[in-house]
Amino acid sequence: MSTTTHDTLDNAHDEHHHGAPKGLMRWVLTTNHKDIGTLYLWFSFIMFLTGGAMAMVIRAELFQPGLQLVEPNFFNQMTTVHGLIMVFGAVMPAFTGLANWLIPMMIGAPDMALPRMNNWSFWILPFAFTILLASLFMEGGGPNFGWTFYAPLSTTYSPDSTALFVFSIHIMGISSIMGAINVVVTIVNMRAPGMTWMKLPLFVWTWLITAFLLIAVMPVLAGVVTMVLTDKFFGTSFFDAAGGGDPVMFQHIFWFFGHPEVYIMILPSFGIISAIVPTFSRKPLFGYSSMVYATASIAILSFLVWAHHMFTTGMPVFAELFFMYCTMLIAVPTGVKVFNWVATMWRGSMTFETPMLFAVAFIILFTIGGFSGLMLAITPADFQYHDTYFVVAHFHYVLVTGAIFSIMAAAYYWLPKWTGNMYSETLGKWHFWCSVISVNVLFFPMHFLGLAGMPRRIPDYAIQFADVNQIVSIGGFAFGLSQLIFLAVVLKCIKGGKPAGDNPWQAADGLEWSIPSPAPYHSFTTPPEIK
Amino acid sequence: MSPTQKSNRKLLTMLILGSIGMFGFGFALVPLYDVLCDTLGINGKTQNSASTYDSVVVDKKRTVTIEFVTQVQSGMPWEFSPKVNQITVHPGELTHAKFEVKNLSAKNIIGQAIPSVSPGQGAAYFNKTECFCFNQQPLAADASAELPLIFYVDADLPASINTLTLSYTLYDITDKQAVSAKQGAAR
């Protein structure tokens, strides 16, 4: 698609000589997109392990029926904070980190458009999560109303620490909005000459659309947490029927944010998979422009389906049908994507290095999650599935084997570019196979638990669910431990390894592969020539 | 400032304004929600002002069962129950019903009853000419009261609806009387 001239390459080498400043303050004061990308990625990995530790507490308690290890109230705090951390602390910052690292290199820009804001948008994040985690140690405990914080659980019945929860969500929201604004401005204004819209790599396209979604819905989340705050502490009645409010309205406003939010967590994945599959199939991506249009249509449809989370609140039949059909419609552009990836692999000379393994697993397992989503979209069926483990199975298939697997794939794919060294393929394959087996032992049986009627968010359950829960917990512990292999791979790769060379994947296409590995501290200070 | 920086600033301003706008939109959803529920007659909210009863046609051929359900906000020390749990009426017929309420505590408490009709599509056809839910209910310690409701069901009630459940939930509004006096009265 595009190459750089030798002039720019030489230039990039020159820049390499005056590299990064030394010491701790380098990281605090940095405005370099690569440094900030690294900070985001490490932060998200630490949060991934923190949220994962909470999942281990949940699975340990559910290993047997009855109450063994933790109090129900603490169990509820674990499910709540596990969800919040994984959504706002692990998946979203990981994507922002990848955006920071990759978007400037992919569009031939020297850096992000607003580097100082970039520094701020990262550095407020650790404070947000310190506040959230600290609230767990307060009297009365941390948030225990589920990550969806439905009123009146989060207003009338919530602990005093709810104010801290609200402020931490505000800060996370501001951080994501700043990150999104930066991505939009960078992509719109900083593309190298000749990098036309339909030449943009799909990761850039999907992130641009994600950024618009973020700008549209994160402020609505900020609004709804503010309403919770004033309802709880300042006597307003947005969600309190006694004062003329309506608790169901909470769910409408929350899911107006919440549904686009789930696409925010999957659209960049589509971009990553669209970069990796062609490389290891040694064929160009099938149906590039249809991918762009499919992404855009998914984003638009995401605003029209929020009430499918609320079928059981007693909506009129017309509304239930409207939201059911709109939800099913989303399967069309998503199907376009899946078929395009399969068509890209068709008759390609495929090899299965770790990034490709994760990408193929993504396509299969994300599709399973998509299908269970279609089952949930059927209104009458949803009355049975609602708030059972079937829902838990569904969204973990799309978020763990979807979003998280794509982030893993991206990390393996671009690690050689980031560090200059090849990661250990043996360890990478161990990580993949341990993860993919354990994740299915963990989440697949949850479908059956849900269909048999086990409700979600409970610390204790009926005796007939005991065996399956035990299997699920074993899968959970194995999946948790497998992620330590990933930590080992990354640390080993940073320390050393086979030199990667500019383009370790031979068939990889894109501007980021035209510069040396590790990517110099300043790249594309003069714009590359795009063919 | 370079041209790129200039256009960056411009786009930055637009996007910041956009996100502030969306913050406002989140709050605009609140009145929008009420307007939509009112116009579409969904959500089981009944009219909060007295309707008048004149020249209403009584449909003697049809009967509708009205069920009364009462709830008290958890922790509120009141007893609240309908005198009869269920009555059968003809559409258009003016009917009286009574509810009993008792303050079990040694404090003066102000209550507010919030009505809801199920199925929601029937709410628009449930007309109250007099209802205790239009007013707040101050009740002295250990006092009890009888609360009146006079209503009729519109004869246009869809044929598919044979039963209407009227549910009242009583809330303790002693603490937020000031707030609800403003908002509650409007509803």
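Chain letters run A, B, ... following the sequence lines, proteins first, then strands; residues in each count from 1.
- Two rings, from B:Tyr33 and A:Phe250, have their centers 6.0 Å or more apart.
- Under the salt bridge (Lys or Arg N to Asp or Glu O under 4.0 Å) criterion, the residue pairs touching residues 139-154 of chain B are B:Lys83-B:Glu146, with sequence neighbours excluded.
- In this structure, no portion of A:Phe257 lies under 4.5 Å from any heavy atom of chain B.
- Under the 30°/60° scheme for interplanar angles, the aromatic rings of B:Phe27 and A:Phe238 are found to stand perpendicular.
- When each of B:Ser19, B:Ala113, B:Gly26 is checked for heavy-atom pairs under 4.5 Å with chain A, B:Ser19 comes out on top.
- Atom CE of residue A:Met117 and atom CD1 of residue B:Ile16 lie 6.5 Å apart, to the nearest 0.5 angstrom.
- Contact annotation for residues 209-225 of chain A against chain B (heavy-atom separation below 4.5 Å, listed by residue number): A:Phe212, A:Ile215, A:Ala216, A:Pro219, A:Val220, A:Ala222, A:Gly223.
- Heavy-atom contacts from other residues, nucleotides or ligands closer than 6.0 Å to OH of A:Tyr325 number 12 or fewer.
- Here the side chains of B:Val30 and A:Met227 are in contact, with some heavy-atom distance below 4.5 Å.
- No more than 12 heavy atoms of other residues, nucleotides or ligands shown are found within 6.0 angstrom of NZ on B:Lys107.
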For residues 175-191 of chain A, please give each side-chain donor-acceptor pair under 3.5 Å, one per line with the distance, not counting sequence neighbours.
unit_1, atom_1, unit_2, atom_2, d
A:Ser175, OG, A:Ser121, O, 2.7
A:Ser176, OG, A:Met172, O, 2.9
A:Asn182, OD1, A:Leu114, N, 3.1
A:Asn182, ND2, A:Leu114, O, 3.0
A:Thr186, OG1, A:Ala113, N, 3.0
A:Thr186, OG1, A:Asn182, O, 2.6
A:Asn189, ND2, B:Ser7, O, 3.3
A:Asn189, ND2, B:Asn8, OD1, 2.8
A:Arg191, NE, A:Ile187, O, 2.7
A:Arg191, NH1, A:Met195, O, 3.0
A:Arg191, NH2, A:Val188, O, 3.1

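- Other residues, nucleotides and ligands contribute over 12 non-hydrogen atoms within 6.0 Å of the CZ atom of A:Phe233.
- Proximity to chain A (any heavy atom under 4.5 Å) is restricted, for B:Ile114, to the side chain, taken from C-beta onward.
- For A:Met315, no part lies under 4.5 angstrom from a heavy atom of chain B.
- Within the structure, side chain to side chain donor-acceptor pair (under 3.5 Å) pairs that include any residue of residues 217-228 of chain A comprise A:His170-A:Thr226 (at least two apart or interchain).
- Residue-environment remark: CH2 (A:Trp147) exceeds the threshold of 12 foreign heavy atoms within 6.0 Å.
- For A:Tyr157, the part lying near chain B is the side chain, with the backbone staying farther off; criterion is any non-hydrogen pair under 4.5 Å.
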